[in-house]
Asker: 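Pasting a structure below so you can have a look.
So that the names make sense, note that chain A is the first sequence line, chain B the second, and so on, each numbered from 1.
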Number of protein chains: 2
Amino acid sequence: MRAVEIIERKRDGLELSGEEIRWLVHSYVAGSVPDYQMAAWLMAVYVRGMSMAETISLTEAMVDSGERVDMSSVPGIKVDKHSTGGVGDTVTLILVPLMASAGLVCAKMSGRSLGHTGGTIDKLESIPGFSTELPLAEILKQAAAVGAVVAEHTAELAPADRLLYALRDVTGTVGSIPLIVGSILSKKIAGGGDAVVLDVKCGHGAFMETREEALQLARTLVGVGNKLGKRFSALITGMEQPLGRRVGNALEVSQAVQVLSGEGPDDLREVTLALGAELLALAQEESDLTYARNKLEAHLQEGRARDKFAQLVRAQGGDERILDHPELLPRAGRQEVIEAPRSGYVQHLDARSVGLAAGLVGAGRTEKGAAVAPDAGVELVAKVGDQAVAGEPLAVLHVAQDSLVGQAAGLLREAYTIGDEPPAQPPLIIDAVRSEE
Amino acid sequence: MRAVEIIERKRDGLELSGEEIRWLVHSYVAGSVPDYQMAAWLMAVYVRGMSMAETISLTEAMVDSGERVDMSSVPGIKVDKHSTGGVGDTVTLILVPLMASAGLVCAKMSGRSLGHTGGTIDKLESIPGFSTELPLAEILKQAAAVGAVVAEHTAELAPADRLLYALRDVTGTVGSIPLIVGSILSKKIAGGGDAVVLDVKCGHGAFMETREEALQLARTLVGVGNKLGKRFSALITGMEQPLGRRVGNALEVSQAVQVLSGEGPDDLREVTLALGAELLALAQEESDLTYARNKLEAHLQEGRARDKFAQLVRAQGGDERILDHPELLPRAGRQEVIEAPRSGYVQHLDARSVGLAAGLVGAGRTEKGAAVAPDAGVELVAKVGDQAVAGEPLAVLHVAQDSLVGQAAGLLREAYTIGDEPPAQPPLIIDAVRSEE
């Protein structure tokens, strides 16, 4: 096979065979197809799109570029979760112990991705002593014992994704549905879960800004995912304003503990329960979402999910006293209060600007391998619908990195729109996409 | 400026500014924009196309990537010619001395391109002693003295084209009109001619297979070219069957001498005269093509063009005795006759297959820097409309390279379609595109 012919066929809008896609992906990973040919192909895919069959072949080829996690030695139903990424996305920290409290096994493997705020691994590492670098044997042992693990990828899952993502990032080919689907699903298929819930964020703080785009992505994800031998469902959830009231690593851990303790922000609890119910029903092949949701809500209220979180923290070497004493979590030395410029109701709170502000004071990383500040971030005193009083705090910046604090404060101030009338609340759960079978 | 943003804009079908295109081309030539970003951009251009203004900017940026030939020290009107490439395209060998015989200066600079058969430089080098590696001072001196020169590029004209063409070749982005236009025109604009005639070949043996494609290319070439300060016209000429009856280096030289001597194939003479008349009228800013054509025809008949060719050969160190004694040209040691499998009329003669066959016995090069066999090629005994007699020769392969002769003979045999009725002659001059001004 010749790369240039495969590029030309896709360029002309023809459907590629599974064999062609497999050959191309594997040759690229092996280094025999160079970056420039792959870049031309990615652009052709971006513009021409891919059929369902092609997207399935792409995902399979990406899975086969690396190892698969074998969790068959762990009893029980294994579940997994993926979010397309938002601001204040604390859901995983709550969902993992919650699913374990319901008798499922949730071994979540993540990478240290780039972003304005850290990933799940970065968040948990803000807990003193918490370790995420576990060998696979340890992950399996903890999965069997606790039912909940959050660890870095031990094996390299879908290395094709790492290579392709780096190339897409510099060639204007990130925002292509089949390429996004290949990227997300390849890691979920290679991972150990039997049932996977996908949280497709939608709004100005997310990758997919409109409901239509989010729905198209969710449908393709679920359609392709279910063809590949695992059970997938997706919820489309709102990301106009940040979820919860805290954005940043230790800040989100303390907020997760609040929700696990029956407190904390309603929107974060609501989205977590909706995703959890979806995943529980999917895992148990039941269709009664109300029953699933009630069960999980009870686990939250009764503190069973909180207990699982404590076990998870302890099992991974973390200081579980943070559950009762959140002051043991790192706290930034400097707080910068953003005051309301006028009184009124918060009409809009721009998630993207909040994320950027958190990044500017140290909460995220823009370069691979860089450290994140565990204590940096943003606390949102007021969210959409809340009353603001001129001169009173709207938000607090937790500053770990001083150099750009002025810019961060400016962004955060501009993130708020304050008006006279109480606004409508932005929707939390926008849509659900489930298998047609 | 950032390459990824320019890629994204083109990907989304937006029009790029001249500044963006210039920056991208120059950064690519300078090595600061890598191949993979350029490859993605080329694919976006292929799919989305380019406006006239963008194509002009691209061509200008490519011209500015190298030097320009300054022929202002040579008196007279300087003319140039370009063909998009065909099989048996002996036109340049005749046209250069013909234009010089009409008082114009034709200093043709060519490269050693890849192809089934050699380029103009390769053809002339089959004349014993003929040298094409002339320093610029020598080119200018000969241009002033003889009015005709054929030499290799001394300065590197439009190096961006060399880099871009190599990348297009392996990324499925060759067949894009704006990219083809930038490639052709950048070298013509950087070259020394004031007026340029373009021979856009059309048919199965050419890059543009349909009249519509050829017309679109010709219109863009002439439109963009005339915006860049030189006079351009184009003819669309037929390339279903090869032009003339000889394909190969020395074979084409001997055929050019025939035409210059008032003999030789009608189709080759006809196309040469049409292009010559077009170029003469363009150079002298006259519109009377009949007058121009009659003048050139007289120069051919009177042997004035032949004399110029003799001067050209002598000036470049070649053995001018080949004009009277074509047997002094290299001749392959082996001739392989292709016989007609049946009697009838030649209905179709596939130019591409003839070109491939000539290449297989040694007439061309598929790798940069490789030598071409001066004596290899194909003699077409029968062309479309000719009568074939079973067992009599249709064509003769001149074999310099034995290994693939069986394959070449098979291709050549299959290139002929013989039927009972005399066919219509394929058109020679299909259309003309001239400046609208």
Asker: Measuring heavy-atom distances to chain A, does B:Ile6 have an atom under 4.5 Å in its side chain, in its backbone, in both, or in neither?
Answerer: neither
Asker: Measuring heavy-atom distances to chain A, does B:Asp169 have an atom under 4.5 Å in its side chain, in its backbone, in both, or in neither?
Answerer: backbone
Asker: For B:Glu19, does the CD atom sit with more than 12 other heavy atoms under 6.0 Å from it, leaving out its own atoms?
Answerer: no
Asker: Highest number of heavy-atom pairs under 4.5 Å with chain A: which of B:Arg11, B:Gln37, B:Arg48?
Answerer: B:Arg11
Asker: Please name the residue in the list A:Ile7, A:Val47, A:Thr171 that meets the side chain to side chain contact (heavy atoms under 4.5 Å, CB included) test with B:Met43.
Answerer: A:Ile7
Asker: For the interface with chain B, which of A:Pro34, A:Ala40, A:Ala44, A:Ala39 has the highest count of heavy-atom pairs at distances below 4.5 Å?
Answerer: A:Ala40
Asker: Using a cut-off of under 4.5 Å for heavy-atom pairs, which of A:Thr173, A:Asp12, A:Leu42, A:Asp35 has the most such pairs with chain B?
Answerer: A:Asp35
